[in-house]
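Input: a single structure, listed below in structure tokens.
If you're wondering where the values come from, they're calculated on a predicted model, not measured in any experiment. Lettering of chains follows the sequences in order, A, B, ..., and the numbering in each one begins at 1.
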Amino acid sequence: MEYDFRRIEEKWKKVWDEKEVYKVTEDSARPKYYVLDMFPYPSGAGLHVGHPLGYVASDIYARYKRLKGYNVLHPMGYDAFGLPAEQYAIETGTHPAETTRKAIQRYREQLDKIGFSFDWSRQVKTCDPAYYKWTQWIFLQLYNSWYNRETDRAEPIDSLIQKFKSGQLQPEIGEWSSLSEADQQRTLMKYRLVYLSFAEVNWCEALGCVLANDEVKDGKSERGGYPVEKRKMRQWFLRITEYSDRLLEGLNRVDWSESLKEQQRNWIGRSEGALIKFRLPTAHSQEERVEGIDVFTTRPDTIFGATFLVIAPEHEWVKKLTTTEQQKAIANYITYVKSRTDVERQQEKKVTGEFTGSYALNPFTGTEIPIYIAEYVLAGYGTGAIMAVPADDERDHRFAEKFGLPVIDVIDRSMHPGAAMEDKVGKMINSHFLNGMEVKEAIAAVLNEIEKRGIGQRKVNYKQRDAIYSRQRYWGEPIPMHYKVVGKPDLPFGESNDVPYPVFDPSPLELPVVSSFKPTGDGRSPLANNEEWVKNHYETDTMPGYAGSSWYFLRYMDPQNDKEFAAKSKIDYWQNVDVYFGGAEHAVGHLLYSRMWHKVLFDLGYVNTDEPFKKLVNQGMIQGVSRFIYRGSARPDVIIPFNKIESELTGDELKLLGINSIDDLGLICPIHVDISLVDEHGNLKIDEFKKWRPEYGNAVFLLNADGHYHCGSSVEKMSKSKYNVVNPDEVIAKYGADCFRMFEMFLGPIEQSKPWDDKGISGVSNFLKKFWRLFYEQGVWQVTEETANAVELKVLHKTLQKLEDDIERLNFNTCISGFMIATNELNSLACHKRSVLEPLVISIAPFAPFVAEELWEKLGNSGCVHHAAFPKVEPKYLIESSHKYPVSINGKVRAEIELPLDITPQEAENEVLGLDSVKKWTNGNPPKKFIYVKGRIVNVVV
RNA sequence: GCCGAAGUGGCGGAAUUGGUAGACGCGCACGACUCAAAAUCGUGUGCCCUCGGGCGUGUGGGUUCGAUUCCCACCUUCGGUACCA
């Protein structure tokens with residue numbers, strides 16, 4: 001019987017499905033293990049070979065853990081709300097639900113072919129009302145909670161109300177009991193973990209909605225690359241900043257890659273420093289008096305070098321600080337700043353600013369220092385004001401240079417030649433009581449002094465902002481809130497009496513059917529045109545993409561529950577995710593939001609762990625190899641092969657084209673061609689190409705000397721637009737799913753990105769055939785019941801040992817070579833013994849589940865190989881009595897000698913020095929030194 | 001600029017604690033089978049060489065009997081981030 005993967009894979013797919021072999025239930029008798037994949041957004045393009053890389057790895061791990069006796073939760077679902085389906089709806093009128101349903105169906109077909117062990121009965125779809133009902137429920141938990149900084153955890157809002165009632169806390173606007181209902185609500189809104197606020201947001205006109213900070217890259221939208229502008233709007237926010245410290249602290253307790261943890265740390269951006277008040281000279285009192293300006297600094301030690309203050313152009317006191325003489329200049333400057341987009345600001349960093357006319361007093365020296373406004377100081381960070389120390393800060397220095405402001409050196413860095421301005425090293429100078437101190441010492445000393453004199457206090461600042469939660473879109477979870485009075489989106493919250501209240505009924509608040517998906521154009525979502533929404537004064541914005549994905553891993557634990565988001569007993573059993581496989585692109589989005597939600601649920605007692613993902617693996621990307629043809633701008637009818645674009649053309653070619661040199665073709669540009677039109681040697685199939693692109697029908701293709709057109713190539717992201725996509729369906733049709741799985745792993749370490757190279761796949765395909773031949777040779781069953789000998793058992797147990805070590809460390813690529821080595825060795829030993837082959841079949845089952853199941857059955861087993869037990873490694877078969885030592889002379893290997901492992905160093909030395917090949921180097925003289933490392937190496941120093 | 005990861009044959013990559021660098025696979029060369037080809041199987045394959053050996057893990061130094069592995073400086077690539085005071 002030949003290895004017929006098509007028949008085998010068809011057969012077992014059906015059997016596994018019918019028998020529900022991957023269905024899992026809570027089982028207190030067995031230890032749990034939770035292996036999770038980041039669930040995909042089902043896009044219309046389907047999967048390419050890069051997508052399943054992480055799924056294959058996690059599936060191998062899940063299957064391995066199952067064989068090891070764990071009760072493994074390994075689910076899959078869909079992150080099904082999102083912009084692409086809605087954009088498509090705007091363009092075509094097709095309902096996003098329909099687009100999404102089709103895409104999911106296609107994903108499922110593709111996934112099924114690869115032989116994953118997902119428990120599909122636990123599938124979730126975030127756009128399913130039965131699912132988002134609970135997303136809304138969690139939203140309301142957040143809404144009905146506040147962060148108690150005294151207990152350092154989230155608590156129900158009732159405990160806050162109690163504090164107000166009892167007078168322990170005082171609302172800003174008056175006695176709690178004297179406040180109107182609306183004012184009480186507005187007060188509570190300042191504490192709720194999701195809250196309504198009026199603030200500057202990232203508005204993307206093209207997408208018609210606001211974006212969270214992590215969805216904006218370089219001033220453009222991450223999705224689509226559209227321009228993003230600042231706009232003040234009434235929005236829901238997630239009060240994630242209350243969790244900044246705990247989100248930082250938790251990173252020390254999870255097993256994630258250093259780079260990913262670092263990204264989260266940088267995003268949160270905690271910095272310790274001081275808030276220092278700079279008073280204004282009394283002589284300079286304004287109409288409305290400004291007592292002083294608070295600045296935030298991480299370098300209070302440099303305060304004696306602070307020669308001016310800079311405040312953000314948006315700072316609330318700009319008006320008050322501006323003197324009459326400076327009013328015009330300041331007004332002009334503010335107009336200029338407003339005209340600058342974020343993109344411009346980031347691309348051309350100009351040194352700009354304007355003097356307000358006012359002065360402040362350096363609290364230590366009493367010196368009057370000028371106050372400037374400048375765009376390099378951001379309103380949103382710290383206090384929006386800085387003390388500028390030009391001697392010790394690059395930006396302040398540039399500013400001082402431009403405006404001719406004094407520079408006072410305060411740190412002597414002569415002992416640290418390579419140190420930059422911002423480095424915290426050196427000795428203090430020109431700084432009165434700090435003189436002579438090291439920087440770190442000085443920081444501590446000045447902080448004490450600042451607090452003693454009451455001019456400021458220690459302060460921790462964060463870069464992280466509260467996340468914007470509202471999206472002015474249709475295809476998302478409705479926010480379950482309604483208003484008693486509807487406010488206007490362009491009016492600050494609180495000025496239009498628009499207090500929101502939760503919608504408890506109907507539950508869930510289901511997305512209505514609408515006829516148009518277009519945004520209203522005035523910043524509101526398509527729901528603002530919906531009769532029911534208008535009538536009930538429902539919130540018309542929907543939730544962001546990260547809402548549904550912030551808790552889906554909990555829903556997998558109890559996906560059908562319609563009473564709770566998940567039953568306590570099930571959460572108690574599954575707890576949290578043991579290993580999470582996914583891309584690093586969600587470093588500061590999804591992975592930060594889910595951690596926050598999980599911590600809130602933990603504080604409120606709904607989950608029993610405070611970190612959702614114990615271990616995280618970022619699989620690399622599989623890139624595509626794009627192919628190009630080349631064309632000159634002046635002669636679009638001429639196609640030049642890759643090898644000729646940088647060389648001279650032959651005389652015949654020049655004559656043919658009627659030009660004098662290759663330069664006459666103009667600027668030569670590459671054009672992507674579909675990789676299916678290029679053969680394995682990189683030559684273009686010209687006729688097929690012309691069929692694909694008829695506009696090139698009459699083009700002249702210059703050829704290489706061998707008569708072919710050779711294409712250029714480059715490694716890029718795999719994408720439809722680059723025509724370099726490899727579809728797993730095709731690979732599986734040609735080689736089978738087992739081969740596809742093993743090849744994806746064989747490509748290299750899981751975290752590494754690498755291009756797809758289908759040349760190498762034949763190696764894995766050959767291996768599977770070879771492995772099969774251990775069982776069937778020329779269609780004849782080879783397996784015998786003979787007793788295995790020591791050599792054969794050593795091959796088996798060495799392999800099992802390697803597999804265990806490598807799988808635990810997620811080194812799946814070396815597992816594959818382990819199988820290859822074992823197969824080669826057993827092949828040359830002509831070993832066909834059941835006692836060796838049967839354990840091998842179990843151990844290969846996680847990698848190649850189909851062929852393993854088929855051979856398991858052929859070996860006469862009735863059950864499923866995936867419910868078997870991983871074979872135990874017997875160390876007794878691995879014990880060696882002697883070792884073949886490499887003998888190095890002065891560190892270079894010159895000889896080899898087999899020595900018993902129990903030999904003494906002295907005996908070893910005698911043996912080694914007696915070797916002819918060693919005598920050649922020692923000339924019979926005793927060595928300077930003799931090193932004997934048991935089981936490793938012998939080194940003779942002469 | 002800053003932070004993080006990485007640099008090993010023609011290619012993908014291996015070397016787990018400082019102990020034979022290049023496992024395994026691709027490719028290539030030769031051979032077997034075949035009328036022939038494909039497929040398959042076998043052998044060889046880091047580079048140089050005067051066949052003694054020499055050189056080799058981005059570059060230059062260091063520690064060590066011994067360094068891909070540890071230390072210092074630098075170069076390159078990739079990822080993230082950027083007026084964050």
d([atom1], [X]; [atom2], [N]) in whole Å:
{"X": "A:Lys350", "N": "B:C83", "atom1": "NZ", "atom2": "P", "value": "16 Å"}
{"X": "A:Phe819", "N": "B:A14", "atom1": "CZ", "atom2": "P", "value": "17 Å"}
{"X": "A:Leu774", "N": "B:C41", "atom1": "CG", "atom2": "P", "value": "12 Å"}
{"X": "A:Asp758", "N": "B:C11", "atom1": "CG", "atom2": "P", "value": "19 Å"}
{"X": "A:Phe767", "N": "B:A23", "atom1": "CZ", "atom2": "P", "value": "18 Å"}
{"X": "A:Leu747", "N": "B:G12", "atom1": "CG", "atom2": "P", "value": "11 Å"}
{"X": "A:Lys759", "N": "B:C28", "atom1": "NZ", "atom2": "C1'", "value": "12 Å"}
{"X": "A:Phe812", "N": "B:A14", "atom1": "CZ", "atom2": "C1'", "value": "17 Å"}

Along RNA chain B (nearest heavy atom to each residue), the more 5'-positioned of A:Met820 and A:Val940
A:Met820
Between A:Glu258 and A:Tyr376, which is nearer to the 5' end of RNA chain B once each is assigned its nearest nucleotide?
A:Glu258
For [N], the Watson-Crick or wobble partner whose two distances fall under 3.5 Å:
{"N": "B:C74", "value": "B:G58"}
{"N": "B:C51", "value": "none"}
{"N": "B:U63", "value": "none"}
{"N": "B:A38", "value": "none"}

For a quick test of reading the model: is some side-chain N or O of [X] closer than 4.0 Å to OP1 or OP2 of [N]?
{"X": "A:Arg773", "N": "B:C41", "value": "yes"}
{"X": "A:Arg894", "N": "B:G54", "value": "yes"}
{"X": "A:Asn813", "N": "B:A14", "value": "yes"}
{"X": "A:Asn766", "N": "B:C26", "value": "yes"}
{"X": "A:Thr814", "N": "B:A23", "value": "no"}

Could you tell me whether A:Glu804 and A:Lys802 make a salt bridge, using a distance below 4.0 angstrom between a side-chain N and a carboxylate O?
no
Is A:Arg398 salt-bridged to A:Glu401, cutoff N-O under 4.0 Å?
no
Touch class at under 4.0 angstrom, heavy-atom based, for [X] against every strand present:
{"X": "A:Leu378", "result": "base"}
{"X": "A:Val933", "result": "base"}
{"X": "A:Ser817", "result": "base"}
{"X": "A:Ser271", "result": "sugar-phosphate"}
{"X": "A:Asn461", "result": "nothing"}
{"X": "A:Val310", "result": "nothing"}
{"X": "A:Asp393", "result": "nothing"}
{"X": "A:Arg270", "result": "nothing"}
{"X": "A:Ile931", "result": "base"}
{"X": "A:Arg465", "result": "nothing"}
{"X": "A:Pro749", "result": "sugar-phosphate"}

So, [X] and [Y]: side-chain donor and acceptor under 3.5 Å apart, yes or no?
{"X": "A:Asp392", "Y": "A:Thr302", "result": "no"}
{"X": "A:Asp758", "Y": "A:Tyr735", "result": "no"}
{"X": "A:Tyr336", "Y": "A:Thr352", "result": "no"}
{"X": "A:Gln906", "Y": "A:Tyr932", "result": "no"}

Expressed as a whole number of Å, how far does the [atom1] atom of [N] sit from that of [M]?
{"N": "B:A85", "M": "B:C71", "atom1": "P", "answer": "29 Å"}
{"N": "B:U20", "M": "B:G27", "atom1": "P", "answer": "30 Å"}
{"N": "B:C49", "M": "B:G4", "atom1": "C1'", "answer": "44 Å"}
{"N": "B:C41", "M": "B:C26", "atom1": "P", "answer": "9 Å"}
{"N": "B:U76", "M": "B:C70", "atom1": "C1'", "answer": "23 Å"}
{"N": "B:G61", "M": "B:C75", "atom1": "C1'", "answer": "15 Å"}
{"N": "B:C47", "M": "B:G22", "atom1": "C1'", "answer": "13 Å"}
{"N": "B:C2", "M": "B:G12", "atom1": "C1'", "answer": "33 Å"}

Between A:Phe740 and A:Phe743, is the gap from one ring center to the other below 6.0 Å?
no
On a plain distance test, is the side chain of A:Arg809 in donor-acceptor contact with the base of B:U16 below 3.5 Å?
yes
Between [options], which nucleotide has the shortest distance from any of its atoms to the side chain of [X]?
{"X": "A:Lys802", "options": "B:C41, B:U16, B:A85", "value": "B:U16"}
{"X": "A:Asp806", "options": "B:U16, B:C26, B:U20", "value": "B:U16"}
{"X": "A:Gln752", "options": "B:U40, B:U20, B:G13", "value": "B:G13"}
{"X": "A:Ile821", "options": "B:U20, B:A85, B:A23", "value": "B:A23"}
{"X": "A:Glu262", "options": "B:G19, B:U40, B:C3", "value": "B:C3"}
{"X": "A:Thr298", "options": "B:G19, B:A85, B:G25", "value": "B:A85"}

Can B:G61 be described as syn, meaning its chi torsion is within 90° of 0, or is it anti?
anti
With syn defined as a glycosidic angle within 90° of 0 and anti as everything else, classify B:G80.
anti
Aromatic plane relationship, A:Phe399 with A:Tyr372 - under 30° parallel, 30 to 60° tilted, over 60° perpendicular:
perpendicular
Give the ring-plane orientation class for A:Tyr3 versus A:Trp772, where under 30° counts as parallel, over 60° as perpendicular and anything between as tilted.
tilted
